[in-house]
Amino acid sequence: MSSLIVTKSAGIKNRLIQGFSCLKHLKHIHAALLRLGLDEDTYLLNKVLRFSFNFGNTNYSFRILDQTKEPNIFLFNTMIRGLVLNDCFQESIEIYHSMRKEGLSPDSLTFPFVLKACARVLDSELGVKMHSLVVKAGCEADAFVKISLINLYTKCGFIDNAFKVFDDIPDKNFAPWTATISGYVGVGKCREAIDMFRRLLEMGLRPDSFSLVEVLSACKRTGDLRSGEWIDEYITENGMVRNVFVATALVDFYGKCGNMERARSVFDGMLEKNIVSWSSMIQGYASNGLPKEALDLFFKMLNEGLKPDCYAMVGVLCSCARLGALELGDWASNLINGNEFLDNSVLGTALIDMYAKCGRMDRAWEVFRGMRKKDRVVWNAAISGLAMSGHVKDALGLFGQMEKSGIKPDRNTFVGLLCACTHAGLVEEGRRYFNSMECVFTLTPEIEHYGCMVDLLGRAGCLDEAHQLIKSMPMEANAIVWGALLGGCRLHRDTQLVEVVLKKLIALEPWHSGNYVLLSNIHAASHKWEEAAKIRSIMSERGVKKIPGYSWIEVDGVVHQFLVGDTSHPLSEKIYAKLGELAKDLKAAGYVPTTDHVLFDIEEEEKEHFIGCHSEKLAVAFGLISTAPNDKILVVKNLRVCGDCHEAIKHISRIAGREIIVRDNNRFHCFTDGLCSCKDYW
């Protein structure tokens, strides 16, 4: 009989060594152990326990351990390891405590996994106790234990302790270097991570793909283009760009730093591309103001048979929002399950933003209401959408609901609120919200909030107060802040203050053409011909080129682009014929083209001839001849709508009996029956 048991035991051992295809087979072997009285054979039980985790059934693993009369250190180690590998970190810590109650001491196989669990749940108290046990057990020289300690301290924010552990390792291979670099990145010490990576190379060590991805992430966060380019050279020279993860990190880095040419070069050179690679490239185009390129790449990705993930979809929706491509955004959003938008705050926020920027705040509101979990980002998107769409009272009311829901506002919330006040000219309310940031919500106003306040005051005609606010700022005013004051000067025709503002802007943005053009125009209007010529000369010497004004309109899911005086469109002849008809109707309605607006319109040509064929007028004319009589016309412009076009489109909306929506780089203008929703205040 004993020989039969030995034979069967040997068979079971062989079966355990071979492994199992399903949990059912493992249970059969476990049952055989019980029948043969081998259920206390710790070697065999350890094998069963280890295999039980392969099927993700931790309940069965717990039963095995619970039914063992005298579990030893090996069984506990296997249990802790299996739970950690299945992301059951708190449970693994509880098993560790059970092991200690049994009187067992941890060993070199226990420490790495318990420390990893402590790092993941941020249990620094137990982690520190484990460190002292590591020393007592004489395991402080174990490389895996050291790396686990580094991970623990960095994850819990004790970066100095992590560095001490790192420093105590005598012969370091790349693993502790990678762990420390990753730790620095995790706590936002990106400069230290980059410096440590340099030291790693100076030591003659070859970094692995993980450390390269981490250091590129550090360069991305700090916007350190020079260091990133140096790492790119190292990667290319050592043939590591063939690694899909490293190449994707490079694409993401260049995209975040605005170098889309290099990002595309790396992307095109990748032998293998995964969905993350495509998404990084699409996101890069979208975030760098290249929506058409983002959409072109998206369609190319679909042709490759890849299903978009969350990040690709966010890039597509952002691009559709920028172009005002509602139909395309609707179609793209149907490529993934609608519930994903309601469950995923990132996707939901992108969809809210897309609908809001495409002039469909009603649809944006539906998405907002349907979101199953509304975090602060979702609330902020709804508030900003309402503000941008001119629903100022609703935006301010939603802020009240946000407070009642227990969601604490952040700095982005107040940007939305201040923008709402700016669009409606609510100066007192704006002052109240601005002051409440610090007094009520302990949020220090940042440069964006000062910019909003300067914009609000400037548009309301409080130019001196706006100028004084800039002077009192605790930080140096940037081009956005001075640009906000410029908007007020332009609106109220203050030619004296505008000279001061423009000189500041030219110093801050020597590449921005509009500031030179406007200053030259103002000098010319004041008959300061020499000064005007000098500005034009400086502009020419510096090679500054004017930013072209683009307008887009979507018809039947296709986005059409127009420039001033554009004749490249296939329907140009009909478009200009329509403009000719409108010119006659406008003249009959009492509209007279004026170049007065040109003086204060940065991006436009100074000649009266071009006023009649600005990009927004061309887009509106195309919309009139290409859509049904009752359809709304939505035009998106990359710059501020020109004053003359604003006046002309008001008349066109009455003449054509159409609702025309123009979204410029500042706000929505909804033209109906000769009036604009902005009430000529923009």
Side-chain angles (χ1 to χ4, degrees), residues 87 116 119-120 144 147-148 150-155 159 162-163 166 172-260 262-285 287-288 306 309-312 314-315 346:
D87 294 340
K116 182 176 181 179
R120 293 299 292 271
F144 292 107
I147 291 168
S148 300
I150 291 170
N151 284 328
L152 165 78
Y153 285 128
T154 54
K155 288 284 192 303
I159 199 70
F163 195 76
F166 171 83
K172 304 178 185 71
N173 60 15
F174 70 84
W177 288 88
T178 299
T180 311
I181 289 168
S182 177
Y184 274 132
V185 175
V187 296
K189 291 181 175 288
C190 296
R191 179 51 54 196
E192 289 85 344
I194 296 167
D195 292 342
M196 178 156 274
F197 182 80
R198 289 181 185 274
R199 284 179 56 198
L200 182 154
L201 295 185
E202 288 167 3
M203 295 289 291
L205 293 169
R206 181 182 171 88
D208 63 354
S209 59
F210 182 75
S211 60
L212 286 167
V213 169
E214 287 291 294
V215 75
L216 283 170
S217 173
C219 295
K220 177 182 70 177
R221 291 192 195 183
T222 56
D224 188 349
L225 184 60
R226 182 175 295 179
S227 293
E229 288 174 336
W230 162 70
I231 294 165
D232 182 7
E233 284 178 22
Y234 174 84
I235 290 168
T236 305
E237 287 171 6
N238 289 273
M240 301 185 76
V241 76
R242 288 192 292 271
N243 183 295
V244 64
F245 302 107
V246 173
T248 300
L250 268 176
V251 169
D252 192 44
F253 160 72
Y254 279 119
K256 293 294 191 297
C257 291
N259 189 344
M260 289 311 298
R262 179 57 186 153
R264 186 60 187 258
S265 175
V266 175
F267 178 80
D268 287 342
M270 292 174 68
L271 300 176
E272 178 191 351
K273 299 180 181 77
N274 58 22
I275 186 62
V276 182
S277 316
W278 288 90
S279 297
S280 295
M281 198 67 206
I282 290 167
Q283 281 266 40
Y285 277 136
S287 60
N288 282 286
L306 290 168
D309 65 358
C310 167
Y311 301 103
V314 168
V346 176

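The structure presented is a predicted model; accordingly, all values stated were derived computationally and were not measured.
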A.B. asks: Assess whether side-chain hydrogen bond (donor to acceptor under 3.5 Å, both in side chains) is satisfied between D195 and Y184, documenting all intermediate values.
C.D. replies: CA-CA 10 Å; D195 292 342; Y184 274 132; over 6 Å; no

A.B. asks: Minimum heavy-atom separation for S227 and D224, please, with both atom names.
C.D. replies: OG-OD2, 2.7 Å

A.B. asks: If you compare all heavy atoms of A119 against all heavy atoms of K155, which two are closest, and at what distance to 0.1 Å?
C.D. replies: O-CB, 3.8 Å

A.B. asks: Supply the atom-to-atom distance R242 CZ to E272 CD, rounded to the nearest 0.5 angstrom.
C.D. replies: 12.5 Å

A.B. asks: Are any of the side-chain heavy atoms of R206 and M240 separated by less than 4.5 Å?
C.D. replies: yes

A.B. asks: Check the surroundings of atom CZ in R198: do more than 12 heavy atoms from other residues, nucleotides or ligands lie under 6.0 Å from it?
C.D. replies: yes

A.B. asks: Are side-chain heavy atoms of P176 and I150 found at a separation under 4.5 Å?
C.D. replies: yes

A.B. asks: At what distance, to the nearest 0.5 angstrom, does CD1 of I235 lie from CH2 of W230?
C.D. replies: 10.0 Å

A.B. asks: Side-chain contact test, heavy atoms from C-beta onward, threshold under 4.5 Å: evaluate it for L200 versus I181 and give yes or no.
C.D. replies: yes

A.B. asks: By salt bridge (charged side-chain N to carboxylate O under 4.0 Å, His left out), which residues pair with K256, not counting sequence neighbours?
C.D. replies: D252

A.B. asks: Does any non-hydrogen side-chain atom of Y285 lie less than 4.5 Å from one of R264?
C.D. replies: yes

A.B. asks: List the atom of I231, the atom of L216, and the distance in Å for their closest heavy-atom pair.
C.D. replies: CG2-CD2, 4.0 Å

A.B. asks: Working to the nearest 0.5 Å, report the span between OG of S277 and CD1 of I282.
C.D. replies: 10.5 Å

A.B. asks: Using the salt bridge (charged side-chain N to carboxylate O under 4.0 Å, His left out) criterion, which residues pair with R120? Sequence neighbours excluded.
C.D. replies: none

A.B. asks: Please report the C-alpha distance between S148 and N151 in whole Å, then the side-chain angles of each, then the deciding distance to 0.1 Å, and finally whether the side-chain hydrogen bond (donor to acceptor under 3.5 Å, both in side chains) criterion is met.
C.D. replies: CA-CA 5 Å; S148 300; N151 284 328; 5.6 Å; no

A.B. asks: Quick one: does I194's side chain get under 4.5 Å of C219's, heavy atoms only?
C.D. replies: yes

A.B. asks: How many angstroms lie between CD in E192 and CZ in R199, if you round to the nearest 0.5 Å?
C.D. replies: 12.0 Å

A.B. asks: Quick check on F267: does its CZ atom have over 12 non-hydrogen neighbours (other residues, nucleotides or ligands) under 6.0 Å away?
C.D. replies: yes

A.B. asks: Is there a side-chain contact between W177 and F166, using heavy atoms and a 4.5 Å cut-off?
C.D. replies: yes

A.B. asks: Would you check if T222 and R191 make a side-chain contact, meaning some heavy-atom pair closer than 4.5 Å?
C.D. replies: yes

A.B. asks: Can you see which heavy atom on L225 is nearest to which on C257, and at what distance?
C.D. replies: CD1-CB, 4.0 Å

A.B. asks: Mind checking the CD-OG spacing from E214 to S209? Nearest 0.5 Å is all I need.
C.D. replies: 10.5 Å

A.B. asks: With rounding to the nearest 0.5 angstrom, report the CG to CZ distance, L212 to F253.
C.D. replies: 13.0 Å

A.B. asks: Please find the pair of heavy atoms, one from V215 and one from A193, that lie closest to each other, and give the distance.
C.D. replies: CG2-O, 4.3 Å

A.B. asks: Which atom pair, heavy atoms only, marks the closest approach of G255 to M260?
C.D. replies: CA-SD, 3.6 Å

